[in-house]
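Notes follow once the structure below has been shown.
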Amino acid sequence: MARLVLGVGGGIAAFKSAHLASLLRKRGHRVRVILTPAAAQFVTPLTFESLTGEPVYGDLWDPPRYGDDGEILGEAHIHLARWGEAALVAPATADLLGQLASGQARDGLTTFLLAFGGPVLLAPAMHHRMWAHPAVQESVARLQRFGYRFLGPVAGSLASGEEGWGRMLEAQELADLFEDHLHGRDLQGKRVLVTAGPTQEPFDAVRHISNPSSGKMGYALAQAAFGRGAQVVLISGPTCLPDPYGVEVHRVQRAEEMYQEVARRFPEVDILVAAAAVADHRPKEFHEGKIRKEDLLFQLELEPNPDILKEMGRRKKKGQILIGFAAEWGMDEGSARKKLLEKRLDMVVLNDVSGPGEGFRADTNRAFLVTAQGVQELPLLSKRELAHRIFDAAKDLPGGGRPGGGR
Ligand code: C5P
């Protein structure tokens, strides 16, 4: 669990930051909030103090304060810069971005940001014309050069009642993304391709063969890789999930389409994670229109689908890492090892889909990570946490990720 600093700028989106502070605390982090004087007009320090159980920092000229353990919070902003492990500014207003880009330190938050050496994420929120203004865009480009990472803004309804590009991400999304960034930037500069979800193999206009994969594991992997600095492409079968932030998503229906999308990109990829539950077979024939119910009692003739992962294993070049999944009814390490060899994989994530809270549809998963080097048994974890454990383990593989640069 981390010591996090949440900087809040003076915009109406500050109300979402109260929820964000509360979410981060519930996830076990210590959260200290620092408000600009303008932010304190929108949400009071007391709100944040109550939600985080920590002192709230404000104006540069506030008298020195003391923490619970008698710790002196005088020179508060420098003290906070030493205390925090990572920082998120939400909302980051046009004024804040401008100040930070030009190295100004007029209030407590900008003073803290200049003094802070850890990773900083910026979540802008403003009117769409302000966001599009060349001065703001120049600040953004400058801050990106300095190593700051931006989360949003996204397009949507704005406080002015207009629609446009300038809306802050929701608290839940920011909390997830902030946590994903806490694992470092070891995939910086790497290209990661992820497959996710089920495939659907239609035999008439309204019917198909499929499986109950929700896509949650693959989406968590794509989001985790983005958080760790990778350039991520997700090839997804049909799911109800929204596109993960910062990830290029291509949606397909059939295994054959997934195969084409993966094969086209594979030569450029550093890591392929195949989390999709690809249908092994497809109906041999497709009937135009809808087959009448009475005529459905025919025998469905099937033919095999391409094994996407196996084919990529065949094409694998030195340095490329292939990670596959094995969903088993019970833990069958032998079959995972067989898969490792047969498909020329670097890691098999073996998971038992028979237990409650595991495998298809669940938010949690219990897995064994099987590599040529050995087996790592993991406890029941959220799919997001498991995604990070998989990339942690991938670092130790021969040719695995090396730590990247950046803030
Ligand atoms: O052989 P099995 O289907 O158990 O292998 C599972 C692994 O292979 C998963 O990583 C899955 O995404 C991948 N796979 C594939 N194409 C298939 C079948 C499985 O990429 N046709």
Side-chain angles (χ1 to χ4, degrees), residues 192-202 208-222 224-225 232-239 241 250-267 269 271-284 302-316 320-354 358-361 365 367-372 383 386-387 389-391 393-394 397:
V192 175
L193 182 62
V194 180
T195 68
T199 65
Q200 292 177 349
E201 311 296 331
H208 58 249
I209 301 175
S210 192
N211 60 64
S213 167
S214 64
K216 285 177 186 168
M217 191 62 239
Y219 280 55
L221 282 155
V232 189
V233 176
L234 172 66
I235 312 295
S236 173
T239 71
L241 303 174
H250 297 273
R251 292 189 185 257
V252 297
Q253 184 190 16
R254 295 175 296 115
E256 181 60 35
E257 293 163 346
M258 186 174 275
Y259 173 72
Q260 298 298 340
E261 292 284 347
V262 172
R264 197 152 62 79
R265 292 178 174 81
F266 185 65
V269 160
I271 304 177
L272 167 66
V273 193
V278 183
D280 294 314
H281 295 89
R282 64 187 172 211
K284 220 167 183 175
L302 301 176
E303 61 185 7
N305 263 326
D307 188 322
I308 305 169
L309 191 55
K310 191 169 183 180
E311 180 54 28
M312 298 311 122
R314 220 178 47 75
R315 299 181 190 185
K316 179 164 86 162
Q320 286 186 307
I321 289 178
L322 252 62
I323 302 175
F325 277 71
E328 302 288 347
W329 204 259
M331 288 293 183
D332 182 357
E333 195 189 314
S335 92
R337 290 228 162 267
K338 198 159 154 249
K339 217 160 282 185
L340 200 67
L341 294 175
E342 269 177 13
K343 302 199 185 189
R344 297 187 61 216
L345 306 181
D346 300 277
M347 186 194 300
V348 170
V349 182
L350 170 61
N351 64 285
D352 179 359
V353 288
S354 66
E358 296 168 29
F360 290 137
R361 287 197 179 131
N365 216 348
F368 286 66
L369 307 185
V370 184
T371 65
K383 288 186 172 172
L386 175 59
R389 296 292 192 95
I390 291 168
F391 288 120
L397 290 167

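Values reported hereafter were calculated over all heavy atoms of this structure, with side chains retained and with hydrogens, waters and symmetry mates removed. Only a predicted model underlies this, so the values are computations on that prediction, with no experimental measurement involved. Atoms within each ligand, like the ligands themselves, are counted from 1 in listed order.
- Taking the side-chain hydrogen bond (donor to acceptor under 3.5 Å, both in side chains) definition, one finds that T195 meets it with nothing, sequence neighbours left out.
- Between the R337 side chain and the T371 main chain, a donor and an acceptor come within less than 3.5 Å of each other.
- Without hydrogens or angle criteria, D346 side chain to L322 main chain gives a donor-acceptor distance under 3.5 Å.
- With sequence neighbours excluded, the residues satisfying side-chain hydrogen bond (donor to acceptor under 3.5 Å, both in side chains) with D307 are K343.
- Residues satisfying the salt bridge (Lys or Arg N to Asp or Glu O under 4.0 Å) test with E261, not counting sequence neighbours, are R264, R265.
- Annotation: ligand 1 has protein neighbours A274, A276, V278, D280, P306, D307, I308, L309, G324, F325, K339, K343, each with a heavy atom less than 4.0 angstrom from the ligand.
- Between T239 and P198 the shortest side-chain heavy-atom distance falls below 4.5 Å.
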